[in-house]
Amino acid sequence: MSDSVSQRPPHYLDELNEVQRQAATATEGPVLVIAGPGSGKTRVLTYRIAHLIEKGTAPWEILALTFTNKSAREMKERIVKVVGQKASDIWAGTFHSLFARILRVEAKHIGYPSNFTIYDTDDTKSLINSIIKELNLDKTVYQANAIKNRISSAKSSLITPKLYMNNAELLTQDKQAKMPLVHKIYAAYVSRCKKAGAMDFDDLLYRLFELLQNHPDVAKKYRRKFKYVLVDEFQDTNTLQYAIVKKLVLYPKSPRNICVVGDDAQSIYAFRGATIQNILDFERDFADHGIQTFKLEQNYRSTEHIVQAANAVISHNRRQIQKNIWSHKGEGQKIKIIREMDDTGEGRRVADTIVEQKSRYHLKNEDIAILYRTNAQSRIFEEYLRKFNLPYRVYGGLSFYQRKEVKDLVAYLRLVVNPNDEEAFRRSINNPKRGIGGTSLEKVASLAGQQGITLFEALKHVALPKRTRHAADGFIELITKARAKADTANAYELAETVARKSGLLDNLRKDVSIEGMARLENFQALLDGIKSFVEEDTLIDTDTLPDKTLASYLQNIALLTDFDSNEEKNNTDVITLMSVHAAKGLEFKSVFVVGLEKELFPSFMSMGTIEGMDEERRLFYVAITRAEQFLTLSYANTRYRYGKMKMNEPSVFLTEIPAEAVENTSYSRRSEKSEYDPLERQRAKVSGIVPIRKRGTAKFTKPKMDPSKFKPNPPAEIEEGQNVMHLKFGEGRVVKIDGGADNRIATIHFSGLAQPEKRIMLRFAKLQVLD
DNA sequence: CCTGCCTGGGTTTTT
DNA sequence: CCCAGGCAGG
């Protein structure tokens, strides 16, 4: 360590442990890195890229795919520190944003304008609703949300509308869900998006796949360009994303320089189509080319009690890649479990504990995070943090760009850039009110449908009453005039003009309520944002659209969701409140995981299936492994949900934390470890030892099978002759079914009972068919 | 065509 | 509880 003649700059590789260094320097060929929580994954990734650049790879030959803009930004910043400013030429970003960037360049090959609009979730839902209406379907049966998910998973599985229509399994599923016409909606949706020059989130992936598939020359171009491909959070990629990655790196004579980094235990996006099958497939797909696998198992983040708890929890999952996460940071504090009577109590108690921790351990606000399963839970904590004068910041929920007043102006701007944008049209046409209501819009839509033209085009030609016609012409003129200048004018000036001439600005100014003023402020903030976009010397994405047009601004914001647009730099020392999902990749000295109740965490949506429970458990694993030194878990016996008080049992996850790692608090003292403590009861149930009740004669009948594995079939599927499982009665055989339609009654013979014959109303029964 | 009341339905996680 | 959307009245 002589720094007298430091010829060599401080070498970053020295900051890595042995496995990390190997993972960072094995640059050639396929590499799989399994990285446990806190194991220095980001460090490996960044140093790997730095290493590539030092070895002479050009930054733009490196493609690094991440899940959030934030992690991409962080990665870039860290690489800049090692190799300097040239790092900003690395293609590092989210799947969606980098693919959008490629698609804009290559749009002409797939019949899209390069300034295509990106539909967000609201646009998608609204379009689906329009289609449902046009097809005269009952929207209480055809729910936009469900259909959106259906379409999304179809796209993610590379199923086109045509394939969908010919897929017996999907059609049957739809029929069973009483929505036999989903395929029709899907087909209409795709053609409407295309006509509108719009892509939804899934299209950004799907269309790129299509492009690479159908245009070998384009595929070749990007294969040559991206000499090294890295994928972060690989466990959260879906089939489609992996398919695209393979298109880029798996072809004849490819050097197969791909490095994927992930942790199967932290896969928490299965609901979005992510599958850890990709990790297994990766091993198979690249097996012929000598995969190098590295496991990062040392946890540098958390103390031992926390790591021990995390290991114990995750061991309840089936099917995982074997690994042994360990820590050398000392035992540390035990985990604290807080039990309160109700949600208000939970809020107060957590705030209370934060105050205590802060003073006892000299923690700053920024060292502390409160993590919850659903964003809706933040409110009570906000309330108490305010009461206790603790500054905080809530992440997630409504982002800046999702606010109504912001979306209103953005819709106009979108329309200016792309007049075909149907959703932007619908949003703007009568906002602010200019007397073009439902009736007129229907006329427009019908003409557009007949002639196969866009709504904007139809508005020009449709027959309207005089007054309405006048209003329509004003609207058309506004958009057309702005459009004429769109490619040349300064984006800020143009946006400002549109804001004024549309009447949106005046409208907001009229509202002097507190919320109204806040809205005006947001509106102004959007304009300010455009202004700084114009003035800023941004180097990012310059090869696509090196200009300062409105189009390029919109493209920049389209995929920013959680982005902190107006960073409140004045106060960064704040407590963090966010969903567990949002917390992935972050760490805090002290973490509170709250609302640990059955049906909340794990969510009732996921409790029905083993896969669902496993994912919830991984989510819980992610939550507790965010903590460096202090981990507090809390739950409430009752909680308001949908305006009703609801009783809650503690989450099963609490029982999976080993007792040795848990602090004895007044709430789990021995004297209180009685049948009255629901956690204790739950623990007992899980371990199979059921506490004997002192009073009453109600006896606990042990379920005949593990309830978490119990998957009842819908009543319609129960038929004569089947063997079925009933939680209370056990295994039985359906002898007879009588009664019709909604009133079917099954006679079932349960062998294990004194009175084996039971007649069961199928409408209410929960029966699982055994095969 | 607009406003305001009312009802009924849904309630997870995110790019 | 909170919202979107339907409907009646202006």
Side-chain angles (χ1 to χ4, degrees), chain A residues 65-72 93-100 118-122 124-126 129 132-133 138-141 143-146 148-149 152 155-156 199-206 233 236-238 240-241 267-274 343 371-377 379-380 395-399 401-402 404 429-442 464-465 467-468 471 557-563 578-585 595 599-607 612 615-616 618-620 622-623 639-646:
Chain A
L65 296 161
T66 65
F67 261 79
T68 60
N69 296 302
K70 197 174 72 195
S71 54
T94 64
F95 280 90
H96 291 84
S97 71
L98 292 182
F99 291 177
I118 295 174
Y119 275 176
D120 68 11
T121 311
D122 286 346
T124 296
K125 270 197 262 185
S126 145
N129 272 326
I132 290 170
K133 211 167 176 181
D138 181 352
K139 69 167 196 282
T140 55
V141 179
Q143 286 166 23
N145 239 329
K148 190 198 75 186
N149 290 337
S152 170
K155 281 183 185 168
S156 306
M199 295 200 200
D200 65 17
F201 289 138
D202 299 310
D203 286 331
L204 295 176
L205 310 178
Y206 181 77
E233 310 282 11
D236 287 330
T237 53
N238 64 29
L240 178 51
Q241 286 165 324
S267 161
I268 55 173
Y269 285 99
F271 71 92
R272 212 168 74 186
D343 44 1
L371 308 181
Y372 33 73
R373 176 69 239 264
T374 67
N375 283 309
Q377 285 164 258
R379 262 183 42 191
I380 285 182
Y395 290 81
L398 262 204
S399 87
Y401 297 103
Q402 285 173 307
K404 185 186 171 301
I429 181 67
N430 201 29
N431 175 35
K433 304 263 180 305
R434 48 171 71 85
I436 309 177
T439 326
S440 307
L441 189 58
E442 229 160 78
L464 291 171
R467 271 176 85 108
T468 321
I557 65 163
L559 292 164
L560 298 183
T561 46
D562 65 333
F563 181 47
M578 56 169 58
S579 71
V580 180
H581 281 90
K584 195 171 71 165
E599 303 197 328
L600 181 59
F601 196 176
S603 156
F604 70 99
M605 299 289 290
S606 318
M607 285 185 68
E615 171 139 321
E616 295 287 320
R618 290 191 296 265
L619 193 56
F620 183 55
V622 168
R639 176 180 300 276
Y640 273 98
R641 247 179 139 181
Y642 319 127
K644 287 216 175 70
M645 180 89 99
K646 209 182 155 288

Check your understanding: When all nucleic acid strands are considered with a 4.0 Å heavy-atom cut-off, which category describes A/N145: base, sugar-phosphate, or nothing?
Key -> sugar-phosphate

Please tabulate, one pair per line, each protein N/O and nucleotide N/O from nucleotides 2-5 of chain C that are separated by under 3.5 Å, including the distance.
from, atom 1, to, atom 2, distance (Å)
C/dC2, OP1, A/R379, NH1, 3.3
C/dG5, O3', A/K139, NZ, 3.1

- Task: Mark yes or no for whether A/E615, through its side chain, and A/G612, through its backbone, hold a donor-acceptor pair below 3.5 Å.
- Result: no

According to the 5.5 Å centroid and 30° plane-angle thresholds, does A/F271 stack upon the nucleobase of B/dT13? yes

Residues A/K148, A/D200: salt bridge by 4.0 Å N-O rule: no

Categorize A/Q143 for me: base, sugar-phosphate, or nothing, with a 4.0 angstrom heavy-atom threshold over every strand shown.
sugar-phosphate

Assign each of A/F95 and A/T468 the nucleotide of DNA chain B bearing its closest heavy atom; nearer the 5' end lies the nucleotide of A/T468

Between CD of A/E616 and P of B/dT13 the distance, given in whole Å, is 11 Å

Walking DNA chain B from its 5' end, the first of A/S603 and A/T94 to be reached, judged by nearest nucleotide, is A/S603

When rounded to whole Å, the CZ to P distance for the pair A/R373 and B/dT11 reads 14 Å

### Message
Using a 3.5 Å distance criterion without hydrogens, assess whether the side chain of A/N430 forms a donor-acceptor pair with backbone atoms of A/I436.
### Response
yes

Tabulated below should be each protein N or O lying under 3.5 Å from an N or O of nucleotides 2-8 of chain B; please produce it.
from, atom 1, to, atom 2, distance (Å)
B/dC2, OP1, A/G435, N, 3.1
B/dC2, OP2, A/N430, ND2, 3.4

Between CG of A/N238 and P of B/dT14 the distance, given in whole Å, is 17 Å

Looking at A/T374, I'd like to know whether one of its side-chain N or O atoms comes within less than 4.0 Å of OP1 or OP2 on B/dT11. no

Any donor-acceptor pair under 3.5 Å linking the side chain of A/N129 with the backbone of A/A144? no

Rounded to whole Å, the CG-P distance (A/D120 to B/dT15) equals 12 Å

query: Side-chain contact, heavy-atom cut-off 4.5 Å: A/M199 with A/F99?
result: no

A/L240 CG to B/dT15 C1', in whole Å, measures 13 Å

A/L600 atom CG is separated from B/dT12 atom P, nearest whole Å, by 11 Å

Categorize A/F604 for me: base, sugar-phosphate, or nothing, with a 4.0 angstrom heavy-atom threshold over every strand shown. nothing

Atom CD1 of A/I118 and atom C1' of B/dT15 are separated, to the nearest Å, by 10 Å

Using a 3.5 Å distance criterion without hydrogens, assess whether the side chain of A/H96 forms a donor-acceptor pair with backbone atoms of A/L204.
no

Any side-chain N or O of A/N375 below 4.0 angstrom from OP1/OP2 of B/dT13? yes

Between CG of A/N149 and P of B/dT11 the distance, given in whole Å, is 10 Å

Return yes if some donor-acceptor pair links the side-chain N/O of A/R373 with the main-chain N/O of A/V580 below 3.5 Å, else return no. no

Tell me whether A/Q241 contacts the main-chain N or O of A/L205 through its side chain, where contact means a donor paired with an acceptor under 3.5 Å.
no

- So do the side chains of A/L371 and A/S579 get within less than 4.5 Å of each other, counting heavy atoms only? no

key: Below 4.0 Å: OP1/OP2 of B/dC1 and any side-chain N or O of A/S440   = yes

Taking B/dC1, B/dT13, B/dT15 as options, the one with an atom nearest any side-chain atom of A/F201 is B/dT15

Considering only heavy side-chain atoms of A/T439, the closest of B/dC1, B/dT15, B/dT12 is B/dC1

Closest of B/dT12, B/dT14, B/dT15 to the A/S579 side chain is B/dT14

Next item on the list: Would you check if A/F601 and A/L619 make a side-chain contact, meaning some heavy-atom pair closer than 4.5 Å?
Entry: yes

Side-chain contact check for A/Y269: nearest option of B/dT12, B/dT14, B/dT15 is B/dT14

Note: A/F95 and A/F67 closest approach over all heavy atoms is CE1-CE1, 3.8 Å

Think A/T121 has a side-chain N or O under 4.0 angstrom from the OP1 or OP2 of B/dT15?
no

- Tell me what A/F67 touches on the nucleic acid: a base, only sugar-phosphate, or nothing, going by heavy atoms under 4.0 Å. sugar-phosphate

